[in-house]
Amino acid sequence: MHSLAKRMENLVESQTLAMARKSRELQEQGIDVISLSIGEPDFDTPEFIKEAAFEAIRNNFTHYTPVPGFLDLRQAICTKFKRDNHLEYKPDEIVVSTGAKQSIINVILALIGKGDEVLLPAPYWVSYYEMIKLSEGTPIAIPSSIDKDFKITPEQLRAAITPNTKLFIFSSPCNPSGSYYNAHELEALAHVFAEFPNVIVVSDEIYEHINFTGKHTSFASIKGMFNRTVTVNGVSKGFAMTGWRIGYIGAPKWLADACTKIQGQFTSGTCSISQKAAKAAILADPLITEPMKNAFLERRDLVLDMLSQIKGLKLNKPQGAFYVFPDVQYFFGKKYKNYVINNSFDLAMYLLNDANVAIVTGEAFGDTHCIRISYATSKELLKTAMTRMKVALEKLE
Ligand code: PMP
Ligand code: GLU
């Protein structure tokens with residue numbers, strides 16, 4: 001008898017990717033599904049970045065690369081951290097990986113084992129939770145709600161820390177809520193961390209360039225936090241480069257070395273061509289990301305306007321990323337035909353099957369009251385999708 005390893009019993013499929021898969025399957029059957037499930041910019045990678053990749057191939061950058069990334073790319077990342085974030089990392093404190101996803105699992109595998117607790121302000125990005133389980137650590141969610149703009153308070157943080165707490169992972173701007181912690185709010189959290197020197201912070205800043213407040217504060221730039229923070233970033237979201245698979249960290253050298261060691265046994269250095277393309281993106285004037293950000297802002301406003309006309313949806317105003325995360329509790333206990341809505345998963349399935357709109361259940365992000373809508377698609381498709389959702393939700397009684 002063949003069997004999978006025990007760790008597979010508990011591993012849940014990524015719900016963002018699962019919903020994207022389901023909508024693709026329905027589309028292949030000829031059903032006109034609009035997918036607002038996956039968080040992926042619909043823009044193409046800017047031309048000058050693609051040119052850098054062609055150039056890399058022509059110049060034979062086609063061999064194995066150093067495990068933590070080409071030195072010139074790591075130097076470019078140091079320049080970016082200094083230019084945009086007032087952070088003084090050295091190249092040997094940078095590790096480039098196959099997407100920010102690999103950057104995060106490297107850090108978790110390097111730090112977390114049985115008995116270690118990892119704090120996640122909820123809602124959190126879907127993969128953090130599963131990665132912690134894979135490393136045999138214990139994920140502990142700190143709840144928030146739409147009334148609190150999906151942000152935790154310093155008091156909640158203090159109450160959640162135990163002698164076993166090793167790591168705190170958060171994203172700002174946040175996937176899935178779009179919430180953003182300003183410098184003042186980060187300072188208040190840092191005051192608490194100052195009381196607990198053993199806790200390391202992973203600050204996932206992959207949505208840095210999609211921030212409608214015009215300001216981004218890196219957690220590592222807060223006084224006293226640099227030596228205990230891992231700054232995660234990448235090119236997937238801001239530069240529309242999801243398929244190139246480039247993410248990176250800035251971290252204390254001892255931790256960067258550990259991540260390099262892990263990566264050396266799993267994947268080696270990431271794609272040579274993508275690294276050269278990423279260098280062009282990172283060294284470019286960050287203003288090149290503005291038009292995409294402005295398009296996301298217009299779409300956010302369109303989606304919020306249309307959703308606010310649907311009775312029962314509770315909304316806040318996300319300040320970044322490209323998601324809205326409405327509270328849908330009003331619909332729990334309601335029915336239409338054979339559909340009974342008891343939770344946000346039921347609602348996601350109802351919207352997929354009745355309205356042919358794919359979104360993601362909030363449960364995947366540790367919040368059972370909400371659904372996540374990704375608005376990284378055209379205004380035309382968004383308008384059709386919101387209209388379909390309104391019709392379907394108004395049928396529930
Ligand atoms: N962190 C967050 C919060 C994300 O939304 C994503 C997007 N999947 C990632 C990390 C991973 O990004 P990448 O595509 O670079 O692996
Ligand atoms: N970050 C995106 C999302 O949350 C991409 C999918 C994924 O990597 O899980 O939808």
Side-chain angles (χ1 to χ4, degrees), residues 11-24 35-43 45 69 77 95-108 120-132 150 168-181 201-211 216 219 230-249 259 263 266-267 270-271 274-275 277-278 281-282 296 318 320-325 348 358-367 370-377:
L11 188 68
V12 177
E13 181 182 6
S14 162
Q15 286 305 301
T16 49
L17 301 183
M19 277 310 267
R21 177 176 52 75
K22 275 190 195 122
S23 39
R24 226 176 284 127
S35 179
L36 308 182
S37 54
I38 201 162
E40 158 155 58
D42 57 329
F43 302 110
T45 303
I77 292 167
V95 183
V96 181
S97 301
T98 304
K101 218 171 205 172
Q102 189 187 18
S103 302
I104 298 164
I105 187 72
N106 281 346
V107 174
I108 291 175
L120 301 175
Y124 44 75
W125 181 45
V126 58
S127 294
Y128 301 153
Y129 200 89
E130 294 304 312
M131 289 175 179
I132 297 161
F150 296 112
F168 174 88
I169 310 182
F170 77 117
S171 60
S172 171
C174 173
N175 178 1
S177 67
S179 293
Y180 155 74
Y181 285 86
V201 175
V202 172
S203 175
D204 183 345
E205 303 177 16
I206 190 100
Y207 294 98
E208 170 183 16
H209 294 300
I210 310 169
N211 182 333
H216 174 82
F219 191 72
V230 180
T231 308
V232 176
N233 211 323
V235 293
S236 298
K237 313 290 176 176
F239 298 93
M241 289 179 71
T242 45
W244 299 76
R245 311 306 303 130
I246 296 282
Y248 56 85
I249 56 166
C259 291
Q263 187 160 296
F266 272 57
T267 54
T270 191
C271 170
S274 297
Q275 289 191 50
I282 287 165
F296 286 129
F322 34 60
Y323 309 104
V324 285
F325 201 60
I359 49 95
V360 186
T361 165
E363 275 145 45
F365 307 95
D367 189 327
C370 298
I371 55 171
R372 189 189 79 172
I373 301 170
S374 165
Y375 56 81
T377 194

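Whatever order the structure lists ligands and atoms in, that order sets their numbers, starting from 1.
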- Task: Give the protein residues with at least one non-hydrogen atom closer than 4.0 Å to an atom of ligand 1, ordered by chain and number.
- Result: G99, A100, K101, I104, W125, Y128, N175, D204, I206, Y207, S236, K237, R245
- Task: Identify the two heavy atoms, one from G39 and one from K237, that lie closest to each other, and give their separation to 0.1 Å.
- Result: O-NZ, 2.9 Å
- Item | Pocket residues of ligand 2, ordered first by chain and then by residue number (heavy-atom cut-off under 4.0 Å) | S14, T16, L17, I38, G39, K101, W125, N175, Y207, K237, Y323, R372
- Item | Parallel, tilted or perpendicular, as decided by the 30° and 60° cut-offs, for the rings of H209 and F239 | perpendicular
- Message: Once side chain to side chain donor-acceptor pair (under 3.5 Å) is applied, do any residues pair with S14, and if so which ones, sequence neighbours excluded?
- Response: T16
- Note on the structure: In terms of heavy-atom contacts, I359 and M19 come closest through O-CE, 3.0 Å
- Task: Provide the closest heavy-atom pair for S103 versus G247 in the form atom of the first, atom of the second, distance.
- Result: OG-C, 3.5 Å
- Please identify each residue that fulfils side chain to side chain donor-acceptor pair (under 3.5 Å) with S374, with sequence neighbours left out. none
- Decide yes or no for Y128 and F170: does some side-chain heavy atom of the first lie under 4.5 Å from some side-chain heavy atom of the second? no
- Message: Please determine whether side chain to side chain contact (heavy atoms under 4.5 Å, CB included) holds for the pair R372 and N175, giving the CA-CA distance in whole Å, both sets of side-chain angles, and the decisive distance to 0.1 Å.
- Response: CA-CA 9 Å; R372 189 189 79 172; N175 178 1; 2.7 Å; yes
- Could you tell me which non-hydrogen atom of V12 sits nearest to which non-hydrogen atom of Q15, and how far apart they are? CG1-NE2, 4.1 Å
